[in-house]
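Below is one structure; the comments refer to it alone.
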Amino acid sequence: MARILITSALPYINGIKHLGNLVGSLLPSDAYARYMRLRGHEVMLICATDEHGTPAELAAAKAGKPVEQFCAEMYETQKTLGEGFGLSFDHFGRSSNPHNHKLTQHFAGRLAEAGLIDEVMEKQVYSNADGRYLPDRYIEGACPACGFENARGDQCENCTKQLDPTDLINPRSAISGSTDLEVRETKHLYLRQSKLRDRLREWINTKTDWPVLTTSIAKKWLDDGDGLQDRGITRDLDWGIPVRKGDEEWPGMEGKVFYVWFDAPIEYIAGTAEWADANGKSEADWRSWWREDEGATDVKYVQFMAKDNVPFHTLSFPVTIMGSGEPWKLVDHLKAFNWLTYEGGKFSTSSQRGIFMDQALELLPSDYWRWWLLSNAPESSDSDFTWAAFQAGCNKDLNDVLGNFVSRVTKFCRSKFGDSVPSGGVPGEEEAALEKEVDTRLDAYGTAMEAIEIRKAAAELRGIWVAGNEYLQRAAPWTAFKTDPDQAAMVIRTAFNLMALYATVSEPFIPDASKAINQSLGWSGKWPVTAKEALSALPEGHDFTVPENLFRKIDDGERDIWNAKFSGASTA
RNA sequence: GGCGAGGUAGCUCAGCUGGUUAGAGCGCACGACUCAUAAUCGUGAGGUCGGGAGUUCAAGUCUCCCCCUCGCCA
């Protein structure tokens, strides 16, 4: 029994997430958490919406809503969709919540005391008409490099050149279009990441069991060019966490907020505090997950994220933690995913290319998506979602292999023995062989889950399902029944126990189907210690009901319709 | 142009620190069974492991060069 703290990268608030976002951290973190809970470990799975920053303000403006209201509504939407996919967060919080304000200000104060924050005067564009500064995407103008008319303050979309707002020619406000702009001096805080470079490197070098994807990205940032750069952690925006030095004012920083990438990972901690509030727990309860001086020494902390988040989790956030001088938990294992592509190209939120979480659930129940996405997770390289592959995977694995197994066992039993687990007969060689295979596969499945090798785990799970069909075929109870009903009864009883075992071990991947099997059995098993034990767990005479078919097939017609509908360009 | 990740059967991918006839799933062909959702099970065909050179008794697995794809940055 261990304590495992798990966080999923925070989905950004500006819109509904697509399948790539789902498989890039939310889904695998849930599967891992579910597995660990099943194995009897104490798990804390935390996620939240990441709500601050310019894109949130722009999305709110586009929706014609105040940013607070927009975020509150989108939070509810994302929370509901997460539940729709069975994401079993212990708490799904918001980075805009009071706990995060307090903690973010706390960390900033500690970092300042440790001499890790510089106050830097820099030039920013101020709009007199809008009465505010115009950072990043709030300002547009002509690109100084290529002359493109609609370049933004952070980057020219035409030639991809990185820009500063002050570089733009004929700049204008993206809000009002006003050209009544002036350059003002404004003070900002910089996190002196470079001071902790050696310590970070030492720390990362101890992480020999991390995936190459993770350590190579981290090392690149540490050593590329002039090495790790200091980073601005404040912005001239309204929406965000006000800059304070712990509980105190920060002279000269009035009206400014922390940069979204500074406060977002702190929400992992704050989200755990929110969990305590929501569940009647004490401050000590949540701190025991995070503070090594308050009980967290036995906690294993695992983070899930897509690869674009790796630098922030291997460098910036650890700088915040280490620099605070306080014994907060650093990540122990970091699992990063590559991209999921859609029919050979990128998922695109702006052009509505690909499938989004709300749309997916309108087409099929979440287990279909969970299974296909997890069993094809982009672990070693990018992986491609195609409708053909999705259809083939779901039809074969879920419908034909697992669903049909449950169907053939329950229906055969009902017609020959009635609606309870039949008694009689003695297990023999076939059953011993089955036990041996299940033991081997369960072991491999567990090993893969412990190592967070999701695809491999899915393949083993599938192998366990297949073993049931193989067994039935060899044992052929329909033949045995004619001459030796007791033998047939024993085979079917074994198959029922196999079903119960499937319900338990499949839960991390397809929780709804697991529940359906358990309901039809009127049973809820524990994680199998040995196959022999598990395959004789159900009492003889135990009643069951024949469930509705667990899964259905996706036919070619609907596949083609969906393919056309989600190809982008036209939004259907 | 720089950096990173890849290039293994028709498709999607496994192949750990180099070592018997290179594996899996899907697809395909043939066969078996008939309990089940025309589902299942078995057998088989299919690869000079991107190309070239090198190290080694031995290389998909190490070194060098080249080609191609994807991503990030210029």
Rounding to an integer number of Å, can you tell me how far [X] [atom1] sits from [N] [atom2]?
{"X": "A:Asp556", "N": "B:A38", "atom1": "CG", "atom2": "C1'", "result": "15 Å"}
{"X": "A:Leu398", "N": "B:C26", "atom1": "CG", "atom2": "P", "result": "13 Å"}
{"X": "A:Leu374", "N": "B:U12", "atom1": "CG", "atom2": "P", "result": "20 Å"}
{"X": "A:Lys553", "N": "B:A36", "atom1": "NZ", "atom2": "P", "result": "17 Å"}

Please list every donor-acceptor pair under 3.5 Å in which a side-chain atom of residues 511-518 of chain A meets a protein atom from a residue at least two apart or in another chain.
from, atom 1, to, atom 2, distance (Å)
A:Ser514, OG, A:Ala503, O, 2.7
A:Ser514, OG, A:Glu507, N, 3.2
A:Ser514, OG, A:Ile510, O, 3.4

Tabulated below should be each protein N or O lying under 3.5 Å from an N or O of nucleotides 6-11 of chain B; please produce it.
none

When all nucleic acid strands are considered with a 4.0 Å heavy-atom cut-off, which category describes [X]: base, sugar-phosphate, or nothing?
{"X": "A:Asn549", "answer": "base"}
{"X": "A:Val491", "answer": "nothing"}
{"X": "A:Phe481", "answer": "nothing"}

**Strand RNA chain B in bracket notation, Watson-Crick/G-U under 3.5 Å with | for pairs to another chain** = (((((((..((((.....[...)))).(((((.......))))).....(((((..]....)))))))))))).

**Request:** Measure from the ring center of A:Phe405 to the ring center of A:Tyr502 and say whether it is less than 6.0 Å.
**Result:** yes

**Request:** Determine, using ring centers only, whether A:Trp465 and A:Trp371 are less than 6.0 Å apart.
**Result:**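 Here the rings of A:Trp465 and A:Trp371 have centres that are less than 6.0 Å from each other.
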
**Prompt:** With a centroid cutoff of 5.5 Å and a plane-angle limit of 30°, would you call A:Phe412 stacked on B:C35?
**Reply:** no

May I ask you to verify if any side-chain N or O of [X] is less than 4.0 angstrom from the OP1 or OP2 atom of [N]?
{"X": "A:Lys396", "N": "B:U40", "answer": "yes"}
{"X": "A:Arg455", "N": "B:G25", "answer": "no"}
{"X": "A:Lys456", "N": "B:G15", "answer": "yes"}
{"X": "A:Lys411", "N": "B:U37", "answer": "yes"}

**Asked** Quick one: does A:Asn399 reach the base of B:U37 with a side-chain donor-acceptor pair under 3.5 Å?
**Response** yes

**Message:** Would you compute the distance between atom OG of A:Ser536 and atom CD of A:Glu431 and round it to the nearest 0.5 angstrom?
**Reply:**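 Reported to 0.5 Å precision, the distance equals 11.5 Å.
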
**Message:** Is there a ring pair (Phe, Tyr, Trp, His ring centres under 6.0 Å) between A:Phe385 and A:Phe347? Walk through the geometry before answering.
**Reply:** CA-CA 10 Å; A:Phe385 176 94; A:Phe347 273 87; 7.1 Å; no

**Item:** Atom C1', compared across B:G10 and B:G46: separation rounded to whole Å
**Value:**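 Here B:G10 and B:G46 have their C1' atoms 9 Å from each other.
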
Distance alone, cut at 3.5 Å: any donor-acceptor contact between the side chains of [X] and [Y]?
{"X": "A:Tyr190", "Y": "A:Glu122", "value": "yes"}
{"X": "A:Lys553", "Y": "A:Asn395", "value": "no"}
{"X": "A:Thr341", "Y": "A:Asp384", "value": "yes"}

**Prompt:** A:Met36 versus A:Pro508: any side-chain heavy-atom pair under 4.5 Å?
**Reply:**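 No; the side chains remain at least 4.5 Å from each other.
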
